[in-house]
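Every chain is numbered from 1, with letters handed out A, B, ... down the list of sequences.
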2 protein chains.
Amino acid sequence: MLAAVKTPAELTELFRSRGLKITPQRVSIFRALYDNDTHPTAEAVYAKVLEEMPTISLRTVYQTLNDLAAMGEITQLDLGTGSARFDPNLSPHHHLVCESCGQVRDVYGEFDGVKIPKNKLAGFQVSSTEIVFRGLCPDCAAAAEYAGAGAAT
Amino acid sequence: MLAAVKTPAELTELFRSRGLKITPQRVSIFRALYDNDTHPTAEAVYAKVLEEMPTISLRTVYQTLNDLAAMGEITQLDLGTGSARFDPNLSPHHHLVCESCGQVRDVYGEFDGVKIPKNKLAGFQVSSTEIVFRGLCPDCAAAAEYAGAGAAT
DNA sequence: TTACAAATAACAACGGTTGCAGTTTGAGTG
DNA sequence: CACTCAAACTGCAACCGTTGTTATTTGTAA
Ligand SMILES: [Mn+2]
Ligand SMILES: [Mn+2]
Ligand SMILES: [Zn+2]
Ligand SMILES: [Zn+2]
């Protein structure tokens with residue numbers, strides 16, 4: 001179970017309450033995001049939705065993801081992996097990024113120590129803090145170790 | 001004075017020691033980066049170099065920035081501002097990003113508390129940690145407050 | 001000087017994302 | 001249920017940052 005993620009029904013209700021139309025495209029995108037902790041790209045969401053709605057356009061996926069982000073229901077992550085990734089998990093957390101395969105994992109640490117001393121802020125108003133840990137996922141680390149051992153012999 | 005940044009002369013020597021050619025284009029780019037804490041985009045570096053070398057191509061700027069990054073002499077930052085930014089400051093630090101005007105400032109805090117508990121790592125090998133504080137720079141914060149006050153009256 | 005590998009410049013191409021315009025459709029009205 | 005119309009969708013062109021390609025130029029060592 002994923003924390004702090006609205007269900008498709010809840011997102012549907014949210015859209016309705018804002019006077020927006022409930023279209024099958026939107027509902028399908030809500031389903032594709034629900035219980036999804038893969039931090040998918042727009043293309044990945046599109047691929048998933050295509051399975052049950054073969055006529056949806058990529059443009060509509062972008063449009064809906066942008067709408068959700070503007071409403072604060074998903075977060076857009078720019079991790080330098082070529083394309084934006086979307087995160088439906090609203091609970092405060094940070095990310096591990098594998099520099100080899102690109103996968104993104106959630107980290108639920110505390111990190112209360114991450115506060116800038118006021119004297120260093122110089123008037124800057126901080127509204128959010130993102131921490132990105134880069135490195136190797138277990139699979140890629142194992143592969144790298146194996147390759148390193150092979151090269152050393 | 002900027003910490004831990006190689007001088008144009010030092011970068012020139014580094015290139016020479018690697019058997020790379022010392023071209024006026026490269027030296028000009030070294031100069032554009034030296035003592036530059038603006039985290040410039042490739043276009044910004046290009047604009048600066050154009051002042052003293054009106055024939056350089058943007059492609060060469062990209063090429064040299066990529067080379068420097070591959071050598072570890074500059075860092076490429078992807079902050080979701082549309083284009084990559086380059087940071088010649090090699091001393092460990094983090095960044096403040098103004099969400100209104102896009103400017104990027106250095107933060108030299110400690111943040112030793114930012115360590116993932118081993119039991120949460122699940123085999124992930126972390127090699128670097130980036131912290132990005134987002135918010136409003138003093139100028140944009142003042143402008144926002146003014147606009148807010150105006151709207152409230 | 002000469003010779004040549006390396007670097008540059010010009011330009012095409014690429015990938016992710018957005019703009020646009022014509023068509024379709026959800027949902028309120030009677 | 002039929003009608004209406006703003007909103008949403010689709011298809012495609014365009015955009016922008018970045019990279020690939022290749023002919024020309026140039027730094028460097030002989
Ligand atoms: Mn996440
Ligand atoms: Mn910096
Ligand atoms: Zn991996
Ligand atoms: Zn600002």
Side-chain angles (χ1 to χ4, degrees), chain A residues 8-9 11-30 32 39-50 52-71 74-86 102 104, chain B residues 8-9 11-30 32 39-50 52-71 74-86 102 104:
Chain A
L11 286 176
T12 295
E13 192 47 42
L14 175 67
F15 269 55
R16 197 191 313 278
S17 75
R18 296 202 176 199
L20 302 171
K21 293 182 181 173
I22 312 305
T23 67
Q25 290 88 346
R26 282 172 170 170
V27 175
S28 185
I29 291 167
F30 298 163
H39 306 86
T41 61
E43 283 279 358
V45 173
Y46 177 56
K48 196 161 197 176
V49 171
L50 268 186
E52 61 180 29
M53 176 162 292
T55 60
I56 197 174
S57 74
L58 177 58
R59 187 68 183 82
T60 296
V61 173
Y62 271 106
Q63 186 64 52
T64 301
L65 290 174
N66 288 345
D67 292 345
L68 285 167
M71 293 177 196
I74 64 177
T75 304
Q76 177 172 336
L77 301 175
D78 294 294
L79 299 168
T81 50
S83 44
R85 314 193 69 141
F86 297 88
V104 180
Chain B
L11 287 176
T12 294
E13 192 48 41
L14 174 67
F15 269 55
R16 198 191 312 279
S17 75
R18 296 202 177 199
L20 301 171
K21 294 181 179 172
I22 311 305
T23 66
Q25 289 88 345
R26 281 172 170 169
V27 175
S28 185
I29 291 166
F30 299 162
H39 306 86
T41 62
E43 283 279 359
V45 173
Y46 178 57
K48 197 160 195 177
V49 171
L50 269 187
E52 62 180 28
M53 175 163 292
T55 61
I56 195 173
S57 74
L58 177 58
R59 186 69 182 81
T60 295
V61 173
Y62 270 105
Q63 185 64 52
T64 301
L65 291 174
N66 289 345
D67 291 345
L68 285 167
M71 294 177 195
I74 63 177
T75 304
Q76 178 173 337
L77 301 175
D78 294 294
L79 299 169
T81 49
S83 44
R85 315 193 68 142
F86 296 89
V104 179

TODO: Give a yes or no answer on whether the side chain of A/Ser28 reaches the backbone of A/Gln25 with a donor-acceptor pair at less than 3.5 Å.
DONE: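 No, because the side chain of A/Ser28 does not come within donor-acceptor range (under 3.5 Å) of the backbone of A/Gln25.
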
Given 3.5 Å as the limit, does a donor-acceptor pair link the side chain of B/Arg26 with the main chain of B/Thr64, or not?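 No; judged by distance alone, with no hydrogens or angles, the pair does not exist.
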
Just the rounded figure in Å: distance from [atom2] of [N] to [atom1] of [X].
| X | N | atom1 | atom2 | answer |
| --- | --- | --- | --- | --- |
| A/Met53 | D/dC9 | CE | P | 10 Å |
| B/Ile56 | D/dT26 | CD1 | P | 13 Å |
| A/Arg18 | D/dA7 | CZ | P | 16 Å |
| A/Phe15 | C/dG26 | CZ | P | 15 Å |
| A/Asp67 | C/dT18 | CG | P | 11 Å |
| B/Leu20 | D/dT26 | CG | P | 19 Å |

Would you say the side chain of [Y] lies within less than 4.5 Å of the side chain of [X], judging by non-hydrogen atoms?
| X | Y | value |
| --- | --- | --- |
| B/Met53 | B/Pro24 | yes |
| B/Ile29 | B/Val49 | yes |
| B/Thr81 | B/Val104 | no |

Starting at the 5' end of DNA chain D and moving along, which residue's nearest nucleotide shows up first, A/Thr60 or B/Arg16?
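The residue closer to the strand's 5' end, by nearest nucleotide, is A/Thr60.
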
Starting at the 5' end of DNA chain D and moving along, which residue's nearest nucleotide shows up first, B/Lys21 or A/Arg26?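 Between the two, 5'-proximity favours A/Arg26.
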
Quick one, B/Leu50 with B/Ile56, criterion side-chain contact (heavy atoms from CB on, under 4.5 Å). Give me CA distance, side-chain angles, the key distance, then yes/no. CA-CA 7 Å; B/Leu50 269 187; B/Ile56 195 173; 4.0 Å; yes

Under 3.5 Å, N/O pairs linking protein and nucleotides 17-22 of chain D:
residue, atom, partner, partner atom, Å
D/dT18, OP1, B/Ala84, N, 2.8
D/dT18, OP2, B/Tyr62, OH, 2.4
D/dT18, O5', B/Tyr62, OH, 3.3
D/dT19, OP2, B/Asn66, ND2, 3.2
D/dG20, N7, B/Arg59, NE, 3.2
D/dG20, N7, B/Arg59, NH2, 3.2
D/dG20, O6, B/Arg59, NE, 3.1

Quiz item: When you check the phosphate oxygens OP1 and OP2 of C/dT25, does a side-chain N or O of A/Gln25 lie under 4.0 Å from one of them?
Solution: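 Looking at the OP1 and OP2 atoms of C/dT25, neither is under 4.0 Å from any side-chain N or O of A/Gln25.
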
If only side-chain N and O atoms of B/Thr23 are considered, is one of them under 4.0 Å from the OP1 or OP2 phosphate oxygen of D/dG27? no

